[in-house]
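Scroll down for the structure; my scribbles are underneath it.
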Amino acid sequence: MTTKRVALVTGSTSGIGLSIASKFAAMGYDVAINSFEAEADIMNTLRSLAGNGTKVRYFQSDLSLDGGGYDLVGEVVSSFGQLDVLVNNAGIQKVAPVEELPPADWDRIVAVSLDSAFHTIRAALPGMTRRGWGRIINIASAHGLRASPFKSAYVATKHAVVGLTKAVALETAEKGITVNAICPGYVWTPLVAAQVADQARVHAMSEEQVVREVMLAPQPTRQFVQPEEIAELAAYLCGDLARSITGSAISIDGGWTAK
Ligand code: NAD
């Protein structure tokens, strides 16, 4: 990397987002991390990312709120002066039959996973276009390419994130900007750990059965993907030699979507 670059990773105090933020900080990027939590509650995370002479700053923003992503990008640009890499990672999950899914949960899942990506992209593109370089990575899911029962809102938003990725990639193809989706299979993070109990209820299984027969069953490797594997792929997509990869939905799912 010849010039200092600035990356924003939404939803980066935990799991995949934290791993991506750590990777970018280790590579020498200045990094903006984000969640809805109060800064006082994430001080240890912030300290763990410091070092290497890079700046790591926290931006509290609840992306379920209307336009939150647009304002977030504005704050990051005000603070760092520019934004070169945008990783739309924030996402939430709810496991329930569609007729039992509360509309408020539907709205929140769509707002955090899909609407916020639209708002951050809208805000980030003018600066990337002016500088003639940018990378946008949307963390979709194997559920952006395949469905599972009891995850209607999640599957719908992740399919839509893949569609958003393709459309924006076409609009930016001649501007030095790439736009891609990463589609992980099951990655062991707090988001997945938190859904084991709900999965056990809707499938009428024990929690051990859920891990073995629901989560790892579709992954031919029978292993969880590690957050660091996603971070490595994100880092690759930011390299200049990845400039021809755009509009892609890249699976990292232990073979799930090969079936
Ligand atoms: P996680 O729960 O560990 O982390 C989610 C992060 O998003 C946290 O930092 C949280 O604070 C933040 N967040 C949640 N709601 C927010 C809001 N309203 N505003 C701002 N920040 C908010 O989750 P994870 O497993 O690391 O998932 C990260 C992304 O990867 C999500 O988009 C998820 O759908 C996707 N994904 C995860 C898996 C998996 O198996 N873990 C698989 C495929 C895709």
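Numbering starts at 1 and runs along the sequence shown. Ligands are counted one by one from 1 in listed order, and the atoms in each one are counted from 1 as well. Keep in mind that what you see is a predicted model, and the values were worked out from it rather than measured.
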What atoms of ligand 1 come within less than 4.0 Å of a heavy atom belonging to [X]?
X: Val192; value: 39 (C), 40 (O), 41 (N)
X: Ile92; value: 14 (C), 15 (N)
X: Pro190; value: 3 (O)
X: Val112; value: 18 (N)
X: Ser35; value: 11 (O), 20 (C), 21 (N)

Decide yes or no on side chain to side chain donor-acceptor pair (under 3.5 Å) for Thr13 and Glu37, but give the supporting numbers first.
-> CA-CA 9 Å; Thr13 57; Glu37 298 155 277; 2.7 Å; yes
For [atom], which protein heavy atom lies nearest, and how many Å away is it?
atom: atom 1 (P) of ligand 1; answer: Ser14 OG, 3.5 Å
atom: atom 43 (C) of ligand 1; answer: Pro184 O, 3.3 Å
atom: atom 14 (C) of ligand 1; answer: Phe36 CE2, 3.7 Å
atom: atom 33 (C) of ligand 1; answer: Tyr154 OH, 3.5 Å
atom: atom 40 (O) of ligand 1; answer: Val187 N, 2.6 Å
atom: atom 42 (C) of ligand 1; answer: Gly185 O, 3.0 Å
atom: atom 7 (O) of ligand 1; answer: Gly11 CA, 3.3 Å

From the options [options], select the one whose nearest heavy atom is closest to [atom].
atom: atom 32 (O) of ligand 1; options: Leu65, Ile139, Ile109, Asn89; result: Asn89
atom: atom 9 (O) of ligand 1; options: Ile182, Leu191, Thr13; result: Thr13
atom: atom 37 (C) of ligand 1; options: Ile16, Val87, Asp62; result: Ile16
atom: atom 20 (C) of ligand 1; options: Cys183, Ser64, Ser61, Ser12; result: Ser61
atom: atom 5 (C) of ligand 1; options: Gly91, Gly15, Gly17; result: Gly91

Among Lys4, Arg130, Arg131, Arg135, which residue meets the salt bridge (charged side-chain N to carboxylate O under 4.0 Å, His left out) test with Asp84?
->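 Per the salt bridge (charged side-chain N to carboxylate O under 4.0 Å, His left out) rule, the option paired with Asp84 is Arg131, out of Lys4, Arg130, Arg131, Arg135.
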Taking non-hydrogen atoms only, is [X] closer than 4.0 angstrom to ligand 1 via side chain, backbone, both or neither?
X: Thr10; result: neither
X: Leu63; result: both
X: Glu37; result: side chain
X: Thr189; result: side chain
X: Trp188; result: neither
X: Ala140; result: backbone

Taking the inter-plane angle between the rings of Tyr186 and Trp256 on a 0 to 90° scale, is it parallel (under 30°), tilted (30 to 60°) or perpendicular (over 60°)?
->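 Taking Trp256 first and then Tyr186, their aromatic rings lie parallel (interplane angle under 30°).
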Do the ring planes of Tyr29 and Phe24 sit parallel (below 30°), tilted (30 to 60°) or perpendicular (above 60°)?
->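 Aromatic pair Tyr29/Phe24 classed tilted.
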So do Thr172 and Val168 actually touch side chain to side chain, heavy atoms under 4.5 Å?
->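 Heavy-atom side-chain distance check passes, below 4.5 Å.
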Is there side-chain contact between Ile177 and Val179, with heavy atoms separated by less than 4.5 Å?
->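 Yes, side chains in contact.
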Quick one: does Lys158 get an N or O within less than 3.5 Å of an N or O on ligand 1?
->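 Yes, Lys158 has an N/O under 3.5 Å of an N/O on ligand 1.
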Would Lys94 and Gln195 count as a side chain to side chain donor-acceptor pair (under 3.5 Å) if you check the C-alpha gap in whole Å, the side-chain angles of each, and the deciding distance to 0.1 Å?
-> CA-CA 8 Å; Lys94 174 79 183 178; Gln195 65 178 272; over 6 Å; no
Could you tell me if any non-hydrogen atom of Phe224 lies under 4.0 Å from any atom of ligand 1?
->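 Contact check Phe224 vs ligand 1: negative.
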With a 4.0 Å cut-off on heavy atoms, does Gln93 reach ligand 1?
->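 No.
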Could you walk me through whether Tyr58 and Ser35 pass the side chain to side chain donor-acceptor pair (under 3.5 Å) check?
-> CA-CA 8 Å; Tyr58 180 63; Ser35 88; 2.9 Å; yes
Ser64: side-chain hydrogen bond (donor to acceptor under 3.5 Å, both in side chains) partners, not counting sequence neighbours |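 Listed in chain order: Asp62, Arg108.
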Does atom CG of Asp66 have more than 12 heavy-atom neighbours, drawn from other residues, nucleotides or ligands, at distances under 6.0 Å?
->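 Counting other residues, nucleotides and ligands, CG of Asp66 stays at 12 neighbours or fewer.
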Between the main-chain N or O of [Y] and the side-chain N or O of [X], is there a donor-acceptor pair closer than 3.5 Å?
X: Lys158; Y: Ile139; answer: yes
X: Gln219; Y: Gln223; answer: yes
X: Asn138; Y: Ala140; answer: no

Short N-O contact, Asp30 and Arg5, less than 4.0 angstrom |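 Looking at Arg5 together with Asp30, the answer is no, because their closest N to O distance does not fall below 4.0 Å.
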Only one of Asn89, Asn88, Leu237, Leu233 passes side-chain contact (heavy atoms from CB on, under 4.5 Å) with Ile137; say which it is.
->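 Checked Asn89, Asn88, Leu237, Leu233 against Ile137; only one passes side-chain contact (heavy atoms from CB on, under 4.5 Å): Leu237.
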